[in-house]
Amino acid sequence: MAELPRSLPEFEARFPDEAACARWLLEKRWPGGFRCPACGHGEAWELARERLTLQCVACERQVSATAGTALHGSHLPLRTWFLAAWLVATHKNGMSARQLWFQLGLGSYKSAWPLLRKLRRAMVDPDREPLAGLVEVDETSLPFRAGDEPAGPGRSHDGKLLVAGAVEIRGEGPGRVRLAVIDDYSAVALGGLVAGNVAAGSTVVGDGWSGYARLKDVKHDPRVVGDAPAHTVLPWIHRVFANAKRWALGVYHGLREEHLQAYLDEFVFRFNRRRTPAAAFGRLLGLSLTLEPATYRMLVGRS
Ligand SMILES: [Zn+2]
């Protein structure tokens, strides 16, 4: 498969039209060539349809390039999807639906929003490997906004959401990150983050909280003793929290409560691929392929 684009001109050359995008989808789905999902036959005709469709030579089953993907059923051109994925994956801070709407020149804001939500859903790799080695774990709170008012200090109607985070320490700096909305600072909530995101045999560096000591599969290295502030002993997870808060305010003018985990997933996707934006694009398109088509109802529900 050809190199993924690293610039907008490269993107234009790689995906000049609908057919180029459809071919990329087909190659991704059948890296070794077409295989009929009904009968297993290896040859197909290409039907001249608005969206590239293959027809099995043996059983005549028709398969659209987008069948079974998150892109299925969308009325937007594939190229709009690809460009949206490229913009969202490579833009340093990511985009709001409003920015995406302007950048893509879409007719209405209403078509930009579900597009962005589908791409965000694709940001969590269901097969991702758990964090491993030395892992800093801590919790914080993020302000969220209600209504159309931006979040800010001293607004009485704003609330706080509790978030737990974990970051690998690789040499002198941070490796991969996980962030999760939690209901409270209980042993169950924090233990759940560690159990679900940190590999057995790892060492968790946390505050002196005794709940970690009860975790079976990881070692606990309590770093906060007495009055030492947490950011001096857990520098990397605190830097991640600070980045996430700045990002939330800068890009979204504060997060909304109902979609917080989706926002956190986007931040994590971006952070973990901050040095490989071209690969992030391929990952985003690839992951959106493997997911079941999302209905509008799923998108607006709590994720
Ligand atoms: Zn067939």
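FYI, the numbering just counts along the sequence from 1. Counting convention: from 1, in listed order, for ligands and their atoms alike.
Aromatic ring centroids of Phe15 and Phe11 lie under 6.0 Å apart.
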Using distance only, find each side-chain donor-acceptor pair of residues 82-91 under 3.5 Å and give its atom names and separation, not counting sequence neighbours.
from  : atom 1 : to    : atom 2 : distance (Å)
Trp86 : NE1    : Pro5  : O      : 3.4
Thr90 : OG1    : Trp86 : O      : 2.6
His91 : ND1    : Asn93 : N      : 3.4
His91 : ND1    : Gly94 : N      : 3.3
His91 : ND1    : Gly94 : O      : 3.3

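In terms of the side chain to side chain contact (heavy atoms under 4.5 Å, CB included) criterion, residue partners of Ala38 (sequence neighbours excluded) are, by chain and number, Cys36, Cys59, Arg61.
Within 6.0 Å of atom CZ in Arg128, more than 12 heavy atoms from other residues, nucleotides or ligands are found, so the atom counts as buried in its surroundings.
Counting only distance, with no hydrogens or angles, the side chain of Trp45 and the backbone of Gln55 share no donor-acceptor pair below 3.5 Å.
Counting only protein atoms, the N, O or S atoms lying less than 2.8 Å from the Zn ion (ligand 1) are Cys36 SG, Cys39 SG, Cys56 SG, Cys59 SG, ordered by chain and residue number.
Pairs passing the salt bridge (charged side-chain N to carboxylate O under 4.0 Å, His left out) check and including a residue from residues 36-46, sequence neighbours excluded, read Arg23-Glu46.
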